[in-house]
Structures are given as structure tokens and as C-alpha cells.
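We number each residue from 1, following the sequence as shown. Side chains included, hydrogens not; waters and symmetry mates left out as well; all remaining heavy atoms used. Computed from a prediction, not measured in an experiment: that's the story for all the values here.
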Amino acid sequence: MSDLNRQWLLASRPTGMVTETNFEFCESPIPKPGEGEVLIRNLYISFDPAMRGWMEDRESYLPPVAIGEPMRAGCVGQVVESNNPDFQPGDLVQGMFGWQEYAIGQAGGLSSPSRVPGDIPMTLPLGPVGITGFTAYFGLLDLGQPKPGETVVVSGAAGATGSVAAQIARIKGCRTVGIAGGAEKCRWLLEEARLDAVVDYKNEDVDARLRELCPAGIDVYFDNVGGALLEIAIGQIAMNARVVLCGGISGYNDEDPAPGPRNIMNLVIQRGRMEGFIVLDYMARAGEAIGDLSQWIASGEIAYAEDIQEGIENAPRTFFRLFEGKNLGKQMLKLCEPPLEIPPR
């Protein structure tokens, strides 16, 4: 293998839309694992809208990425050297290993590796059987509390989280409407994810179309977008509706936060509830989500899509696809094939 580790470091904090100038490409010596550590060769990098918030200089549910550090990201990789008896060379692992070809995994903290289950494709822990799927699972079921026969609307429904949330709503017996942009995404939601209806926000009047599709109102709104779509949904909630705030990608690159929904009082009028959440609060229950999600995927109840770009040099451009609406399903970057033989799992 090469003696160099190619990395993308955070060079500056973005003002408004993130650009490639906020990152610096560099090459450094491949690190050596210390006592109890492993050296990991990254195979796939995950890209998620939340990464934009990690670039800000403010404390949140995770500390900000420091200037000069590799950009933080979830990854699946392979152990190539190990000073930890729990791992051997060849093991497939997942963790926050960042925008780089090699990373050190150590117990505790964000870079702590965990094994990829042996009975699923290696990319699934970055998508529907990982944080992405957990977000959809706990956000919809714990906060949304969908009941059979109710109407559930999901924004960003062709994204990695939205697509899983919408299909869980369908599995739970709800009439499910997805909001997505473009004919290809809407077709996938209808034909592969088997939603009841879709709204193409790029080519349709969302407010009018939702009123047509949800004449009795929206019982659960799972929001990944925020902004104007959130305001439209609040205006159409049914009595005792639940609005689940998962994300707000429409405003992540705004220089100044946009004003909140002007019709917030409709929550009072309709006795509705709007609540946000962070999936890390549910990690003690990860096994519950893994069991259900794995079963639904194996039985064909949940379809998933993967948008896989290639090459470490394309990391920033792959990240930007999230904000350009180009990805269908989970956005990832493939760096290489496993360099070592994978031990029996």
C-alpha cells in the first residue's frame, strides 16, 4: 500500500453555502496504531446533511470539527493493522473515521470502531441499518406515533432518512404521502417504496397538491426540510397532529436563519404537537431498530437506494450533491475495495 494518507481537512468555516474552499486536500504519512488501537482503511464514506452543522463554530450535540482536522463522517472500513485483541486484520468495521483513506480507531469517543454485521451488505450500516435508519425509526415511531389509517406526510422522502420513515409509515398501516423533487425520485417512491402518493415540489404547487391528497388533514408530518414546506404542512395539520422535526436542509446554508413558520398558532388551534429529536439519544435502543429494520429489508418491505460516487478526490463534490438535490437515497463515496481477505463472520 502507499505510504501516504490522502485527506480532506476543514480549512475554514463556511459563510452561507459551503464550498470547496472550506476544505483543504493534503497528504500525510499513514498513522501507526498505538496500544489498544487499530489502523483502518476506509472503504466507504457516508454523507449526511447534519455534517454542515458540524462545520459551525458552536457547541451542539457534537463538538464542532476543528480547523485543520479531517472532516468528520461516518465510514465503513477494514482493519489492516491491529494492536487490539478484539479486532484482527481483515475485520470490517464502522465508525466516525472521517474524510481520509486511513484512520486510527480507538475505544471510546467518535472514532471507536464497531463490527459490521456479517449477514448484511457492508454499506447498510451507513444507510438503513445504521444512524440513518435509526433516525427514521425512532423519529417516526416514538415521536410521530402513527396509527393505522392515519395520513403521514414525509418531506425529503427520496432521501436516505425520509425514504425509510415513509416506508415504516406504510408498514404501520398509514396512508403515506412523500414530497420529493423531480420525476425520477417520485417514480422511485411510487414504484419501489410503494408510497400511496407523491408531490413533486419542483413541478407542482405543494400546498394545493397536499390539500387534494390529504382532504382530512395531515396526522403526522415527518420533516427533513424545514422552511416553506414546514409552513405549508403546519397549515394543513389535522386535529391532534404530530409534527416531527428531523432536519431542515433548506436552511443549512443560510447566512442568517430564516424566520420560523408564520402559522405556528395552528398547532394551538389543532391541538397539535411539534417536537425535535437527536438520534444519539436513542442509541441504547439500537438493537431494537436493527432487528426491525433488518427484517423489513430482508422481507422486501423496505426498499433502499444508494447513490455511490468514487474517489477520495471527489469528497467535497459528493457532499454538495446533498444540497443540490442530486442524490436518490443514501449518499456515499467509495474509496476502494477491501484490501485484505475478510475473515469468516
Participant: Taking it one step at a time, do Val153 and Cys214 satisfy side-chain contact (heavy atoms from CB on, under 4.5 Å)?
Facilitator: CA-CA 9 Å; Val153 176; Cys214 312; 4.0 Å; yes
Participant: If the threshold is 4.0 Å, N to carboxylate O, is there a salt bridge linking Lys334 and Glu310?
Facilitator: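 Salt bridge between Lys334 and Glu310, a charged N being under 4.0 Å from a carboxylate O: no.
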Participant: Do Lys185 side-chain atoms and Ala157 backbone N/O form a donor-acceptor pair below 3.5 Å?
Facilitator: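 No, because the side chain of Lys185 does not come within donor-acceptor range (under 3.5 Å) of the backbone of Ala157.
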Participant: Is the shortest heavy-atom distance from the side chain of Leu267 to the side chain of Val243 under 4.5 Å?
Facilitator: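 Yes, at least one pair of side-chain atoms sits under 4.5 Å.
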Participant: Any Lys/Arg nitrogen of Glu37 or Lys32 sitting under 4.0 Å from an Asp/Glu carboxylate oxygen of the other?
Facilitator: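 Lys32 and Glu37: not salt-bridged.
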Participant: Decide, yes or no, whether a salt bridge links Arg242 with Glu150 under the criterion of side-chain N to carboxylate O below 4.0 Å.
Facilitator: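 Yes, this pair counts.
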Participant: Rounded to the nearest 0.5 Å, what's the gap from SG on Cys75 to CD on Glu101? Could you check?
Facilitator: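 Rounded to the nearest 0.5 Å, the SG-CD separation comes to 11.5 Å.
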Participant: Can you find a heavy atom in the side chain of Asn22 that is under 4.5 Å from one in the side chain of Pro316?
Facilitator: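 No; the side chains remain at least 4.5 Å from each other.
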Participant: Looking at Pro117 and Pro125, what are the two nearest heavy atoms and their distance?
Facilitator: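 The pair with the smallest heavy-atom distance is CD-CG, 4.4 Å.
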Participant: Keeping the roles fixed (side chain from Thr132, backbone from Pro128), state whether a donor-acceptor pair exists under 3.5 Å.
Facilitator: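 No, Thr132 side chain to Pro128 backbone: no donor-acceptor pair under 3.5 Å.
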Participant: If we only count heavy atoms from C-beta on, is the Val116 to Val93 side-chain gap below 4.5 Å?
Facilitator: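 They are not in contact (no side-chain heavy atoms under 4.5 Å apart), so the answer is no.
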Participant: Kindly work out whether a path of hydrophobic side-chain contacts (I/L/V/M/F/W/Y, heavy atoms less than 4.5 Å apart) joins Val79 to Ile342.
Facilitator: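 Val79 and Ile342: separate clusters.
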Participant: Using the side-chain contact (heavy atoms from CB on, under 4.5 Å) criterion, which residues pair with Asp205? Sequence neighbours excluded.
Facilitator: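 If we apply the side-chain contact (heavy atoms from CB on, under 4.5 Å) test to Asp205, skipping adjacent residues, the hits are Asp207, Ala208.
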Participant: Is Lys330 salt-bridged to Asp48, going by a charged N under 4.0 Å from an acidic O?
Facilitator: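 Looking at Asp48 together with Lys330, the answer is yes, because their closest N to O distance falls below 4.0 Å.
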Participant: How far does CD1 of Ile131 sit from CG of Leu126, to the nearest 0.5 angstrom?
Facilitator: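 The CG atom of Leu126 is 10.5 Å from CD1 of Ile131, to the nearest 0.5 Å.
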Participant: Can you tell if the side chain of Glu306 reaches within under 4.5 Å of the side chain of Thr123, non-hydrogen atoms only?
Facilitator: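 The answer is yes, as the side chains (C-beta and beyond) meet within the 4.5 Å cut-off.
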Participant: Could you check whether any side-chain heavy atom of Pro146 comes within less than 4.5 Å of a side-chain heavy atom of Leu140, counting everything from C-beta outward?
Facilitator: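 They are in side-chain contact.
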Participant: Grouping I, L, V, M, F, W and Y whenever their side-chain heavy atoms are under 4.5 Å apart, do Leu92 and Val38 come out in a common cluster?
Facilitator: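 Cluster IDs for Leu92 and Val38 differ.
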Participant: For the pair Phe47 and Trp99, name the ring-plane relationship: parallel under 30°, tilted 30 to 60°, perpendicular over 60°.
Facilitator: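 Taking Trp99 first and then Phe47, their aromatic rings sit tilted (interplane angle of 30° to 60°).
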Participant: For Tyr252, does the six-membered ring have the charged nitrogen or CZ of Arg52 within the cation-pi criterion, i.e. under 6.0 angstrom from the centroid and within 45° of the normal?
Facilitator: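 Not satisfied by the 6.0 Å and 45° rule.
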Participant: Should we say atom CD of Glu184 is surrounded by more than 12 heavy atoms from elsewhere, each under 6.0 Å from it?
Facilitator: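 Open.
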Participant: What is the distance from atom CD1 of Ile312 to atom CG of Asn42, rounded to the nearest 0.5 Å?
Facilitator: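 If I round to the nearest 0.5 Å, the distance is 7.5 Å.
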Participant: Can you check whether Met55 reaches Leu10 side chain to side chain, under 4.5 Å on heavy atoms?
Facilitator: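 The answer is yes, as the side chains (C-beta and beyond) meet within the 4.5 Å cut-off.
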Participant: Treat each ILVMFWY residue as a node, draw an edge where side-chain heavy atoms are under 4.5 Å apart, and state whether Ile278 and Val164 are in one component.
Facilitator: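 Both belong to a single hydrophobic cluster.
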Participant: Between CG of Leu229 and OG of Ser155, what distance do you get to the nearest 0.5 Å?
Facilitator: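 It is 6.0 Å, given to the nearest 0.5 Å.
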Participant: Taking Arg271 for the side chain and Ile269 for the main chain, is one N or O donor matched with an acceptor at less than 3.5 Å?
Facilitator: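 Checked: pair present.
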Participant: Do Met283 and Tyr137 land in one hydrophobic cluster if side-chain heavy atoms of ILVMFWY residues count as linked below 4.5 Å?
Facilitator: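 Linked within one cluster.
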Participant: Kindly compute the distance separating CG (Asn224) from CD1 (Ile249), expressed to the nearest 0.5 Å.
Facilitator: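 Result: 8.5 Å between the selected atoms.
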Participant: Are Cys26 and Gln100 packed together at the side-chain level, in the sense that at least one heavy-atom pair is separated by less than 4.5 angstrom?
Facilitator: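 A side-chain contact is absent here, since even the closest heavy-atom pair is not under 4.5 Å.
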Participant: Is the shortest side-chain heavy-atom distance between Leu43 and Pro339 below 4.5 Å?
Facilitator: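 Side-chain contact under 4.5 Å: yes.
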Participant: Nearest heavy-atom pair of Asp200 and Gly182: which atoms, and what distance?
Facilitator: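 Looking at all heavy atoms of both residues, the shortest contact is OD1-N, 2.9 Å.
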Participant: Would you tell me whether Ser28 and Gln7 have side-chain atoms, one donor and one acceptor, within less than 3.5 Å of each other?
Facilitator: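 Yes, Gln7 and Ser28 have a side-chain donor paired with an acceptor closer than 3.5 Å.
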Participant: Do Glu231 and Arg262 meet the salt-bridge criterion of a basic N to acidic O distance under 4.0 Å?
Facilitator: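 Salt bridge: yes.
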Participant: side-chain contact (heavy atoms from CB on, under 4.5 Å) between Arg6 and Glu313: does it pass, once the steps are laid out?
Facilitator: CA-CA 9 Å; Arg6 297 189 293 171; Glu313 66 277 5; 4.2 Å; yes
Participant: Got a salt bridge between Arg273 and Glu275, using NZ or NE/NH1/NH2 to carboxylate O under 4.0 Å?
Facilitator: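 Yes, this pair counts.
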Participant: Hey, any chance Trp296 and Leu124 share a hydrophobic cluster, counting ILVMFWY side chains that come within less than 4.5 Å of each other, even indirectly?
Facilitator: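 Yes.
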Participant: Do NZ/NE/NH1/NH2 and the carboxylate oxygens of Glu324 and Arg321 come within less than 4.0 Å?
Facilitator: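 Between Arg321 and Glu324 there is no salt bridge, as every charged N stays at least 4.0 Å from the carboxylate O atoms.
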Participant: Can Arg209 and Glu212 be counted as an ion pair, charged N to O under 4.0 angstrom?
Facilitator: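 A salt bridge is present here (some side-chain N lies under 4.0 Å from a carboxylate O).
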Participant: Measure from the ring center of Phe319 to the ring center of Trp8 and say whether it is less than 6.0 Å.
Facilitator: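 Here the rings of Trp8 and Phe319 have centres that are no less than 6.0 Å from each other.
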Participant: Taking all non-hydrogen atoms of both residues, which atom of Leu9 and which atom of Gly68 are closest, and how far apart?
Facilitator: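 Answer, listing the atom of Leu9 first, then Gly68: CD1-O, 3.6 Å.
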Participant: So which heavy atom on Gly98 is nearest to which on Ile45, and how close?
Facilitator: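 Looks like O-CD1, 3.9 Å.
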Participant: Evaluate side chain to side chain donor-acceptor pair (under 3.5 Å) for Asn83 paired with Glu81, printing each intermediate quantity in order.
Facilitator: CA-CA 7 Å; Asn83 292 326; Glu81 293 182 33; over 6 Å; no
Participant: Find the distance between OH (Tyr201) and OG (Ser250) and round it off to the nearest 0.5 Å.
Facilitator: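 Nearest 0.5 Å value for the OH-OG distance: 9.5 Å.
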